[in-house]
Amino acid sequence: MSEAKSKGYACPRCTVGRCTPQKTTFAEVYHGQLLSVPNVNAFVCDVCHFAEFEQDTLDALWEKLYGDGPLEDRQSITAQKRSSTYGK
Ligand SMILES: [Zn+2]
């Protein structure tokens, strides 16, 4: 996980492409509501366009969206996100 944080890494989904730091739109359905946030930093695969968001980015995003929301909700979604992206 620590390798290549700055310059990209092999895509965990297609294993062919390379995920590099880019700005993309974060989109997520959460409790039946579509969240869409443009210009979010992520690592995006140049082949399959898989986007992986860093935990710090998600945390900051959630802080912004749900700064006063229930903490356990934020934790559960970031935990889900992490296991689905890293749990290969
Ligand atoms: Zn890929």
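Order of appearance sets the numbers: ligands from 1, and atoms from 1 within every ligand. The analysis underlying the following values was restricted to heavy atoms, covering all of them including side chains, and did not include hydrogens, waters or symmetry mates. It should be emphasised that the depicted structure is a prediction, and the values quoted were computed from it without experimental measurement.
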### Task
Would you sort out whether F53 and T24 count as a side-chain contact (heavy atoms from CB on, under 4.5 Å), showing the intermediate values?
CA-CA 10 Å; F53 297 88; T24 188; 3.8 Å; yes

### Query
How about the Zn ion (ligand 1), which protein N, O or S atoms come within less than 2.8 Å?
C11 SG, C14 SG, C45 SG, C48 SG

### Query
Below 4.5 Å, heavy atoms only, C-beta onward: do C19 and F50 meet side chain to side chain?
yes

Cut-off 3.5 Å, no hydrogens considered: what does the side-chain donor-acceptor table look like for residues 36-45, sequence neighbours left out?
unit_1 : atom_1 : unit_2 : atom_2 : d
N41    : OD1    : K23    : NZ     : 3.4

#### Entry: Gap separating the CZ atom of R13 from the OG1 atom of T15, nearest 0.5 angstrom
12.0 Å

### Task
Kindly say whether R18 contributes a backbone atom to a donor-acceptor pair with the side chain of D46 at under 3.5 angstrom?
yes

### Query
Yes or no on side chain to side chain donor-acceptor pair (under 3.5 Å) for T57 and Q55, after CA distance, side-chain angles and deciding distance?
CA-CA 5 Å; T57 305; Q55 193 62 39; over 6 Å; no

